[in-house]
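A short worksheet on the structure shown next.
Below, each value reflects all heavy atoms present in this structure, side chains not excepted, and no hydrogens, waters or symmetry copies.
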Amino acid sequence: MKKILFIAAHRPDRSPSQRFRFEQYLDYLKANGFDHDFSYLISEDDDKKFYSPGKLRTKTSIFLRSVWKRLRDTWRAGNYDIIFVQREAFLTGSTYFERKFKAAGAKLVYDFDDAIWNLDVSEGNRTFGWLKKPGKTVELIALSDLVIAGNRYLADYAIHHNPNVVIVPTTIDTNRYKPVPRNTDGQICIGWSGSITTMKHFEYALPFLTALKKKFGEKIKIKIIGDGAYMNETLGIRGIPWINNDEVKELAEFDIGIMPLPDDEWAKGKCGLKGLQYMALGIPTVMSPVGVNTEIISDGVNGFLATTTEEWVGCITRLIDSPALRAEIGAAARRTVEQKYSVDAWKDVYVQLMKNLASG
């Protein structure tokens with residue numbers, strides 16, 4: 001069997017970038033002749049500490065252990081046919097480890113799903129922002145034998161630095177994400193899912209959610225997944241933490257899913273994951289028309305696109321007022337994911353990419 005070493009920051013089932021970019025293909029790769037190992041840096045115990053403010057001593061310890069882990073990876077790199085780096089091998093501006101992987105003779109794959117050539121540092125680690133080097137993205141792209149980009153915007157950037165660029169969208173396992181029967185009476189749940197680091201994007205929803213709450217009162221409720229500490233008394237929101245095993249069940253409670261984004265360079269690189277999750281569950285979805293969202297959504301057919309507060313309020317009002325429209329849009333959304341953004345639609349392409357690379 002051919003062997004792949006997957007290099008990533010987080011443990012399995014923890015990071016969306018990893019879960020929806022390569023982890024859900026691992027069994028299929030195994031069935032098609034590829035064995036694999038998985039090397040990650042941040043353990044479950046370290047996770048909360050790493051993304052919290054302060055804790056310099058703990059973070060120094062994590063840093064030193066991470067260096068040791070990656071050094072061990074370089075020593076065994078020659079045992080693999082392919083080394084697959086998701087976003088970066090190390091959490092600073094260094095490309096040392098990727099260059100060592102390449103020198104070991106394995107084929108190097110670089111996968112990315114955000115505009116990470118722009119600096120974006122979590123609030124808990126803003127003090128250490130100077131250690132980051134967004135420009136290293138160009139170096140990693142140029143170094144690689146194959147670059148896998150999550151959308152056209154990212155691919156257009158990468159192609160200037162490497163001719164071997166392919167687009168593989170972020171995909172959903174539609175055998176896990178399945179529509180559930182929905183009540184047409186009672187409160188309508190408007191939902192958003194994200195993480196502590198993307199709560200800043202949810203803030204763009206506050207003007208239109210405030211207007212909708214004023215208009216509909218107790219007819220609607222607003223549910224936020226991703227930050228258990230988030231509260232908004234005015235809108236009656238108490239956030240809940242993201243838990244992998246509960247993710248589908250919690251998302252399935254949404255009657256309408258929202259994905260607001262700013263129109264900036266970082267957001268243009270996003271791969272539409274939140275919206276695709278909603279859509280796979282048959283949830284009618286409203287998105288900002290930024291980046292790949294305009295490719296995923298055909299406005300008024302399988303979802304809605306909205307920019308201004310008035311547009312957001314108008315689209316969501318139509319969905320609140322019409323259970324039939326919610327069902328129609330949700331069904332079309334599900335079909336879109338099955339046909340264009342599902343694991344089943346892309347798994348053969350994914351395996352063939354690895355086979356082509358391993359065979360030279």
Looking only at atom types and distance, does a side-chain atom of Thr285 sit under 3.5 Å from a main-chain N or O of Ile283, one as donor and one as acceptor?
yes
Take Thr170 and Asp113, measure what side chain to side chain donor-acceptor pair (under 3.5 Å) needs, and give me the verdict at the end.
CA-CA 8 Å; Thr170 296; Asp113 63 338; 4.7 Å; no
Distance in Å, Tyr25 OH paired with Asp348 CG, rounded so as to fall on 0.5 Å steps
10.0 Å
Working to the nearest 0.5 Å, report the span between CD1 of Ile196 and CG of Asp227.
4.5 Å
Donor-acceptor pair, distance only, cut-off 3.5 Å: does the side chain of Trp192 make one with the backbone of His201?
no
Across all chains, not counting sequence neighbours, the salt bridge (Lys or Arg N to Asp or Glu O under 4.0 Å) partners of Arg99 are none
Least distance between heavy atoms, Leu261 atom then Ser288 atom
N-OG, 2.8 Å
Quick check: does any side chain N or O of Thr198 sit under 3.5 Å from a backbone N or O of Gly194, one acting as donor and the other as acceptor?
no
With side chains defined as the heavy atoms from C-beta onward, is the minimum distance between Ile190 and Phe254 less than 4.5 Å?
no
Listed by chain and number, what are the ring pair (Phe, Tyr, Trp, His ring centres under 6.0 Å) partners of Tyr177, not counting sequence neighbours?
none
Donor-acceptor pair, distance only, cut-off 3.5 Å: does the side chain of Ser322 make one with the backbone of Arg318?
no
Is the count of non-hydrogen atoms from other residues, nucleotides or ligands lying under 6.0 Å from Lys100 atom NZ greater than 12?
no
Output for pair (Glu253 CD, Arg182 CZ), nearest 0.5 Å, gives 9.5 Å
Listing request: all side-chain hydrogen bond (donor to acceptor under 3.5 Å, both in side chains) pairs with a residue in residues 203-221, at least two apart in sequence or in separate chains.
Lys215-Thr317
Could you report the tightest heavy-atom contact between Ala8 and Gln18, atom names first, then the distance?
CB-OE1, 3.2 Å
According to side-chain hydrogen bond (donor to acceptor under 3.5 Å, both in side chains), who are the partners of Tyr96, at least two apart in sequence or on a separate chain?
none
Just so I know, are the side chains of Ile320 and Ile220 near enough to count as touching, which here means a heavy-atom distance under 4.5 Å?
yes
Any Lys/Arg nitrogen of Arg70 or Asp73 sitting under 4.0 Å from an Asp/Glu carboxylate oxygen of the other?
yes
If I take atom CG from residue Asp46 and atom CD1 from residue Ile62, how far apart are they, to the nearest 0.5 angstrom?
4.0 Å
List the steps, then state whether side-chain contact (heavy atoms from CB on, under 4.5 Å) holds for Ile4 with Asp35.
CA-CA 6 Å; Ile4 304 176; Asp35 202 356; over 6 Å; no
Taking it one step at a time, do Arg21 and Asp111 satisfy salt bridge (Lys or Arg N to Asp or Glu O under 4.0 Å)?
CA-CA 8 Å; Arg21 299 289 306 159; Asp111 177 271; 2.9 Å; yes
Under the ring pair (Phe, Tyr, Trp, His ring centres under 6.0 Å) rule, collect the residues that match up with Phe112, sequence neighbours excluded.
Tyr110
Asp173: salt bridge (Lys or Arg N to Asp or Glu O under 4.0 Å) partners, not counting sequence neighbours:
none
Ser193 and Gln277: side-chain donor and acceptor closer than 3.5 Å?
no
Is Ile256 close to Ile188 at the side-chain level, that is, under 4.5 Å between some pair of heavy atoms?
yes
Please, which pairs that meet side-chain hydrogen bond (donor to acceptor under 3.5 Å, both in side chains) have at least one residue in residues 324-336, sequence neighbours excluded?
Asn302-Thr336, Arg334-Glu338
Test your reading of the model: is there a side-chain donor-acceptor pair from Asp299 to the backbone of Leu305, 3.5 Å cut-off?
yes
Single-linkage hydrophobic cluster Met287~Leu206, side-chain heavy atoms < 4.5 angstrom
yes
Is the shortest distance from a Lys or Arg side-chain nitrogen in Arg19 or Glu247 to a carboxylate oxygen in the other one below 4.0 Å?
yes
Indicate the atoms forming the closest heavy-atom contact of Tyr40 with Pro12, along with that distance.
CE2-CD, 3.8 Å
Are a donor atom and an acceptor atom from the side chains of Thr92 and Ser94 found within less than 3.5 Å of each other?
no
Residues in salt bridge (Lys or Arg N to Asp or Glu O under 4.0 Å) with Glu265, at least two apart?
Lys268
Does any pair with a residue in residues 65-89 pass ring-ring contact (aromatic ring centres under 6.0 Å, His included), and if so which ones, sequence neighbours excluded?
Phe6-Phe84, Phe22-Phe84, Trp68-Trp75
Asn32 side chain vs Val351 backbone, donor-acceptor pair below 3.5 Å:
no
Taking Ile258's backbone N and O only, do any of them form a donor-acceptor pair with Tyr278's side chain (distance below 3.5 Å, no angle check)?
yes
Give a yes or no on whether a salt bridge exists between Glu295 and Arg152, defined as a side-chain N under 4.0 angstrom from a carboxylate O.
no
Do the side chains of Tyr28 and Ile148 join up, straight or via other hydrophobic residues, at under 4.5 Å, putting them in one cluster?
yes
Distance from Ile237 atom CD1 to Ile224 atom CD1, nearest 0.5 Å?
5.0 Å
Is Lys107 salt-bridged to Asp81, cutoff N-O under 4.0 Å?
no
Closest contact, heavy atoms only, Gly269 versus Leu154:
O-CD1, 3.7 Å
Heavy-atom closest pair, residues Ile329 and Gly300:
CD1-O, 3.6 Å
Are Lys347 and Asp344 within salt-bridge range, i.e. N to O under 4.0 Å?
yes
How about Arg238: does its CZ atom have over 12 heavy atoms from other parts shown lying under 6.0 Å from it?
no
Does one hydrophobic cluster hold both Leu273 and Tyr153, with members joined at side-chain heavy-atom distances below 4.5 Å?
no
With sequence neighbours excluded, give me every ring-ring contact (aromatic ring centres under 6.0 Å, His included) pair touching residues 209-248.
Phe202-Tyr230
To the nearest 0.5 Å, what is the distance between CD (Glu88) and CG (Leu41)?
9.0 Å
For Ala155 against Ala149, the heavy-atom pair lying closest together:
N-CB, 3.7 Å
Are there more than 12 heavy atoms of other residues, nucleotides or ligands under 6.0 Å from atom CG of Asn244?
yes
Listed by chain and number, what are the salt bridge (Lys or Arg N to Asp or Glu O under 4.0 Å) partners of Asp114, not counting sequence neighbours?
Arg87, Lys270
Side chains of Leu5 and Ile82, heavy atoms from C-beta outward: is any pair under 4.5 Å?
no
Let me see the working for Gln352 and Met354 under side-chain contact (heavy atoms from CB on, under 4.5 Å), right down to the final yes or no.
CA-CA 5 Å; Gln352 193 60 50; Met354 297 302 116; over 6 Å; no
Taking ring-ring contact (aromatic ring centres under 6.0 Å, His included) as the cut-off, I'd like each qualifying pair that reaches into residues 287-325, sequence neighbours left out, listed once.
Phe208-Trp312
Mark yes or no for whether Asn162, through its side chain, and Ser144, through its backbone, hold a donor-acceptor pair below 3.5 Å.
yes
